[in-house]
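To start, the structure under review is shown below, and the notes come after it.
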Amino acid sequence: MECEIRADDLRHLPMAVETELYRIAQEALNNMLKHSAATRVTITIRYRHGTLAIQIKDNGKGFDPASVAGKGGMGLASIQERVERLGGTCQIISRLGRGTTVQVTLPRIESHSEETG
Ligand SMILES: Nc1ncnc2c1ncn2[C@@H]1O[C@H](COP(=O)(O)OP(=O)(O)O)[C@@H](O)[C@H]1O
Ligand SMILES: [Mg+2]
């Protein structure tokens, strides 16, 4: 699996947000490995002016998000839940044969200073 990661400096991200972000990425990457048959994944993390945006994009087989809505899968639902708890938004962009992109945006994150660690 080819993997490209582009990330901003995340050192000032609050620990709680970092943990949530890790879980979100874990769920998305799990799905990619389990369902997508992708050969390539690109992870982009932007953290600028208090807004964090993570995008996990695979080139796999894709799916119809409408057809899985409310079907009881735990993964996508748990991503949605975590994002809502943090006051953010989540988009699942996918189409059969066109790969999948999971895009999460978390606004208004207060960065902590270097001193407080
Ligand atoms: N990256 C992906 N590529 C292809 N299909 C996906 C991807 N992510 C999710 N899916 C589809 O969405 C469904 C729901 O995902 P999820 O809520 O995590 O439940 P689960 O993984 O337990 O089936 C999956 O069963 C799969 O059909
Ligand atoms: Mg899953």
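Order of listing sets the numbers, starting from 1, for every ligand and every atom in it.
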Discussion item. With 2.8 Å as the threshold, which protein atoms of type N, O or S lie near the Mg ion (ligand 2)? Leave waters out.
Written reply: Asn31 OD1
Discussion item. Suppose we screen for side chain to side chain donor-acceptor pair (under 3.5 Å). Which residues come up paired with Asn59, at least two apart in sequence or across chains?
Written reply: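 By the side chain to side chain donor-acceptor pair (under 3.5 Å) rule, Asn59 matches Thr39.
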Discussion item. Going by the rule side chain to side chain donor-acceptor pair (under 3.5 Å), which residues pair with Thr101 if we only count those two or more places apart in sequence or in a different chain?
Written reply: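 Once residues adjacent in sequence are excluded, Thr101 has no partner under the side chain to side chain donor-acceptor pair (under 3.5 Å) criterion.
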Worksheet item: Is Glu4 salt-bridged to Arg6, going by a charged N under 4.0 Å from an acidic O?
Response: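 Yes, Glu4 and Arg6 are salt-bridged.
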Discussion item. Test of understanding: clusters of I, L, V, M, F, W, Y form through side-chain heavy atoms closer than 4.5 Å, transitively. Do Leu96 and Val68 belong to the same one?
Written reply: no
Worksheet item: Going only through I, L, V, M, F, W and Y residues with side-chain contacts under 4.5 Å, is there a path from Ile5 to Leu33?
Response: yes
Worksheet entry | Amino acids contacting ligand 1, non-hydrogen cut-off under 4.0 Å |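 For ligand 1, the residues that come within the 4.0 Å heavy-atom cutoff are Asn31, Met32, Lys34, His35, Ser36, Asp58, Phe63, Val68, Gly73, Met74, Gly75, Leu76, Thr100.
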Discussion item. What verdict does the side chain to side chain contact (heavy atoms under 4.5 Å, CB included) test give for Arg40 and Lys57, after you've listed the backbone C-alpha separation in whole Å, the side-chain angles of each residue and the deciding distance to 0.1 Å?
Written reply: CA-CA 8 Å; Arg40 185 179 171 81; Lys57 183 186 168 105; over 6 Å; no
Practice prompt. Can you measure from OG1 (Thr42) to CD1 (Ile56) and round to the nearest 0.5 angstrom?
Written response: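 The OG1 atom of Thr42 sits 10.5 Å away from the CD1 atom of Ile56.
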Worksheet item: Between CG of Asn31 and CZ of Phe63, what distance do you get to the nearest 0.5 Å?
Response: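 The distance works out to 7.5 Å.
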Worksheet item: Do you know which two heavy atoms are closest between Ser36 and Asp58, and how far apart they sit?
Response: CB-OD2, 3.7 Å
